[in-house]
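Some notes on the structure that comes next.
Side chains included, hydrogens not; waters and symmetry mates left out as well; all remaining heavy atoms used. Count residues from 1 along the sequence. Read the numbers this way: they start at 1 and go in the same order the structure lists the ligands and their atoms. These numbers come from a predicted model, not from an experiment.
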Amino acid sequence: MILTERKKQGVLLLFAGFLFFASSQNAWASLPQKTILILFPYESNTPGFIHFDTSFRSSLTAKTDYYFEFYVECLDLARFPDARYHAKLIDFFHEKYGKLKIDLIVATLRQSLEFFNAYGRSFLPETPVILYEQDRRFLDDRTSMQNVVSLIGHLDMEGTLDLALRLQPDVRNVFVVSGASRHDQSAEAIAREAFRGFENRVRLSYLSGLPMDELIQRVSQLPEHSMLFYLSILQDGNGQTFKSPEALALLSPEANAPIYSVSETYMGSGILGGNLISHSAHGARAAQTALRILAGEKPENVQMPEESGNRYVFDARLLEHWGIDEEKLPPGADVRYRKFSIWNKYRWQIIAVFLILIFQALRISALAISLRKQRRTDLALRNAERKYRTLADFNYDWEYWTAPDGRLLYVSPSCERITGYSSRQFTEDPALFHEIVVPEDRQLWDGHHHDHQTALEFRVIQFRIRTRVGDMRWIEHACIPVIDDRDQFQGFRASNRDITERKKAELEVQLHREELAHIARITTLGELATSLAHEINQPLTAIRCNAEAALRFLSSHSPNLEEVRQILDDIINDDTRAGEVIRRIRTLVKKEHSQHSPVDLNESVRETIALVRNTSVLPGLKIMTELDHELPAVRGDAVQLQQVTLNLLMNAVDAIKRAPAASRKVVVKTTLWDDQTAVVMVRDSGEGIEKDVMERLFEPFYTTKGEGLGMGLSISRSIIKAHGGRIWADNNREGGATFFFTLPLEGRQQP
Ligand code: ADP
């Protein structure tokens with residue numbers, strides 16, 4: 001026979017199931033069996049007994065030490081009290097249990113034990129008995145307790161009434177309700193005894209053994225400030241039997257006062273609550289006792305600790321109906337039948353969730369607000385950056401921005417117009433900038449770059465670059481560090497301006513100035529013509545005289561050659577003097593571009609004076625010097641500086657023309673102005689300078705002289721300015737004027 005795969009699995013499962021069943025059967029079979037007979041004096045389905053029985057059995061079967069066999073007999077003694085029924089019943093039990101081995105009898109309530117004592121001992125003489133009774137006060141001394149362990153509860157009538165009066169302090173009448181059965185009457189008797197202590201606090205009335213109709217009517221018309229105390233009704237005044245909770249359920253809807261009681265079995269049938277006996281708790285205790293007896297302990301040795309097992313239990317619906325505040329209940333009270341309300345059950349969770357939601361909503365709103373703010377700021381920033389970038393993009397100058405580490409972040413497109421290289425080439429090749437700087441200016445550029453690292457400040461430098469096509473361009477580079485709100489350095493913003501055209505213009509201006517100065521010098525030489533002619537004439541005349549004298553000596557008989565040699569020496573000296581004058585004139589006439597070199601101001605002054613010295617037209621003219629022989633050299637163009645001194649000397653000579661011959665004096669002084677500057681002063685003894693003339697002295701073409709050009713002082717000022725110095729005039733206190741000009745010492749030029 002061939003089995004399919006699915007069939008194989010089915011067979012295997014069946015086999016496994018069978019094995020499990022067989023093994024569990026075996027497990028039960030291996031346990032020692034114990035047989036327990038449970039007796040209850042009333043009809044089956046009585047709630048109190050069901051609670052006890054269920055709890056007893058489930059507690060026992062939870063133990064796996066034994067396999068239990070339970071027999072339950074509800075004797076129904078309240079409905080069938082006559083002896084013939086009892087006799088028949090016992091015959092039946094004899095028949096039923098005579099051949100069985102009963103290990104334990106559980107007699108619930110005194111009546112069960114008495115029944116067993118009366119009829120059962122004959123066929124189960126040795127079987128141990130557990131008696132469960134609700135209250136010790138139901139027992140009397142006549143009941144035989146031989147071979148019996150008793151578990152006794154407590155019907156807390158006093159405690160419950162006391163609590164009820166605390167919950168409802170305005171109650172004046174307490175109506176105690178009980179039925180007509182023997183048990184009901186016993187309960188009433190216990191209550192009367194228990195409530196004796198309350199007689200001075202409230203009026204106690206006993207509604208006992210009344211027919212149900214009448215009872216219902218009574219409880220519906222109770223006076224104000226009343227309460228009911230329900231004990232038990234197994235039978236009413238008309239002989240009608242009830243299960244006690246059922247009787248209560250008939251009364252409670254009609255009652256016009258709250259009902260208190262002492263048993264948990266009445267919960268839900270109309271009692272407000274009380275300190276209630278729990279049959280379930282006693283069922284579990286009975287199970288513990290049973291295990292000890294089944295384990296071999298003698299009943300008389302088993303002492304179970306007295307525990308009432310009672311609990312405060314209340315009906316929430318009735319508490320609310322009668323307006324009783326839950327706060328007044330004893331601590332730990334069990335409140336049942338609450339109206340199911342999500343709010344009641346999960347109040348704190350709901351509040352917590354609600355608070356969390358509010359908190360989250362607030363956080364989300366705060367986040368949303370800050371996000372909006374952030375977005376606005378971002379937008380404003382982007383707009384600002386776009387504007388700035390647009391400006392930079394269209395700026396004629398070549399801009400670039402760096403990050404704090406020197407990386408190029410942005411290079412404006414103008415770089416291509418100026419250098420021939422695109423902005424991309426600059427950002428991709430960080431060395432390109434350095435490379436296009438001409439080699440002569442690289443040191444300047446690198447120094448500037450290095451200074452970036454040490455000092456964050458605004459700087460401007462000028463240097464030259466070589467463009468992509470090989471042109472040279474002058475660049476004026478200005479850069480400024482960017483510092484943010486938190487004083488953090490964010491890089492540099494730099495601007496490079498093409499100043500080639502400006503540089504060219506400056507050069508042209510310089511050339512023009514030089515040309516003008518040259519013309520002015522030629523003019524001055526023209527003015528000096530007489531003096532210069534005299535200066536040259538003097539040595540020439542001396543040479544001629546000496547030459548004639550030499551000839552005369554030579555034509556004599558015995559010429560004195562020594563004399564001739566001296567004469568020739570004089571001739572050479574005079575020639576040198578004349579040659580020197582011509583050299584000076586040539587220097588001034590020569591048209592050369594400005595050349596800067598160290599200049600000895602004293603020497604310059606001496607040479608200038610030599611040119612002017614023979615302006616003998618002015619009788620009595622004395623040109624004196626006060627030279628500082630320690631004066632360091634200055635740097636500049638020797639010819640131009642000499643021209644300045646010459647102009648000032650010529651003006652001084654002009655100024656003293658009208659002075660009396662005896663007081664015609666010009667003093668040229670050189671000295672240090674401060675430790676970085678030299679000064680030249682030309683003081684005359686003329687008439688001084690009028691106030692309005694003083695204001696216009698250095699203006700081009702300003703002259704007060706009929707034959708004057710008015711360019712001397714203007715040219716002198718531009719020469720001194722180009723040398724980094726200053727020129728000005730002042731009237732002397734003793735009369736006449738003094739002109740000053742300063743020059744930076746060699747090596748101390750201003751940047
Ligand atoms: P010019 O000598 O051709 O007039 P300058 O520019 O040299 O041109 O001088 C301008 C004017 O300054 C002179 O005309 C004169 O009025 C005045 N000035 C110059 N030097 C002196 C001086 N030492 N004393 C008085 N006035 C002077």
Side-chain angles (χ1 to χ4, degrees), residues 509 512-532 588-589 604-605 608-609 611-613 615 617-626 637 639-671 679-723 725-743:
V509 166
H512 286 149
R513 194 174 56 225
E514 281 174 9
E515 236 153 62
L516 199 62
H518 182 243
I519 292 166
R521 283 199 302 274
I522 304 289
T523 314
T524 312
L525 285 176
E527 286 170 31
L528 284 172
T530 328
S531 163
L532 295 175
L588 285 171
V589 170
S604 172
V605 165
T608 315
I609 290 172
L611 286 172
V612 182
R613 193 170 41 204
T615 317
V617 216
L618 278 183
L621 168 67
K622 274 185 256 159
I623 299 177
M624 295 155 81
T625 53
E626 291 175 21
D637 185 299
V639 176
Q640 287 182 1
L641 294 181
Q642 195 177 354
Q643 185 178 356
V644 174
T645 320
L646 187 61
N647 278 338
L648 300 183
L649 261 177
M650 295 286 286
N651 279 343
V653 170
D654 276 346
I656 55 176
K657 272 181 185 164
R658 279 191 294 276
S663 59
R664 284 176 181 160
K665 198 167 95 179
V666 177
V667 181
V668 185
K669 184 174 173 177
T670 60
T671 184
V679 65
V680 178
M681 300 176 220
V682 180
R683 193 166 71 232
D684 64 60
S685 56
E687 293 172 328
I689 306 164
E690 303 271 331
K691 192 170 172 262
D692 54 334
V693 178
M694 183 73 93
E695 281 166 7
R696 305 187 59 192
L697 273 183
F698 295 95
E699 281 181 19
F701 305 110
Y702 179 76
T703 178
T704 56
K705 301 170 194 167
E707 71 288 7
L709 260 180
M711 285 303 291
L713 289 180
S714 159
I715 290 171
S716 299
R717 188 175 65 168
S718 66
I719 290 173
I720 294 301
K721 213 173 148 200
H723 279 76
R726 216 154 60 78
I727 183 166
W728 72 101
D730 224 345
N731 282 319
N732 305 327
R733 222 177 281 160
E734 67 278 9
T738 305
F739 278 79
F740 304 79
F741 68 87
T742 61
L743 290 165

Can you tell me which residue and heavy atom of the protein come closest to atom 12 (O) of ligand 1, and the distance to 0.1 Å? Leu697 CD2, 3.2 Å
For ligand 1, which atoms have a heavy atom of Gly688 less than 4.0 angstrom away? 25 (C)
Would you please determine whether Phe698 falls within less than 4.0 Å of ligand 1 on a heavy-atom basis? no
Verify, without hydrogens or angle tests, whether Thr645 (side chain) and Val605 (backbone) share a donor-acceptor contact under 3.5 angstrom. no
For atom 2 (O) of ligand 1, find the nearest protein heavy atom and state the residue, atom name and distance (0.1 Å precision). Lys705 NZ, 2.6 Å
Among Thr703, Asn731, Asn647, Asn651, closest by heavy atom to atom 9 (O) of ligand 1 is Asn651
Under 4.0 Å from a heavy atom of Leu709: which atoms of ligand 1 are those, numbered in the order shown and with their elements? 3 (O)
Could you check whether Asp730 and Thr738, counting side-chain N and O atoms only, form a donor-acceptor pair closer than 3.5 Å? no
Return the residue, atom name and 0.1 Å-rounded distance of the protein heavy atom closest to atom 21 (C) of ligand 1. Phe739 CE1, 3.8 Å
From Ile720 CD1 over to Phe741 CZ, what is the distance, rounded to the nearest 0.5 angstrom? 5.0 Å
Per-atom filter on ligand 1: closer than 4.0 angstrom to a heavy atom of Gly708 are 3 (O)
Can a non-hydrogen atom of Asp684 be found less than 4.0 Å from any atom of ligand 1? yes
Nearest protein heavy atom with distance in Å, relative to atom 11 (C) of ligand 1: Tyr702 O, 4.0 Å
Closest non-hydrogen contact found for Ser685 with Ser663 is OG-O, 2.6 Å
CD1 on Ile719 to CG on Asn647, rounded to 0.5 Å: 7.5 Å
Which residues pass the side-chain contact (heavy atoms from CB on, under 4.5 Å) test with Arg717, sequence neighbours left out? Phe698, Ile727
Gap between atom CG of Asn731 and atom CD of Glu690 - 0.5 Å precision: 9.0 Å
Tell me every residue that passes ring pair (Phe, Tyr, Trp, His ring centres under 6.0 Å) with Phe740, counting only those two or more places apart in sequence or in another chain. Trp728
With a 4.0 Å cut-off on heavy atoms, is Gly710 in contact with ligand 1? yes
Rounding to 0.5 Å, atoms CG (Asp692) and CG (Leu697) come to a distance of 10.0 Å
Could a heavy atom of Ala729 be found less than 4.0 Å from some atom of ligand 1? no
Which residue owns the protein heavy atom closest to atom 24 (N) of ligand 1, what's the atom, and how far is it? Ala655 CB, 3.4 Å
Given Thr704, Ile689, Leu713, which has its nearest heavy atom closest to atom 27 (C) of ligand 1? Ile689
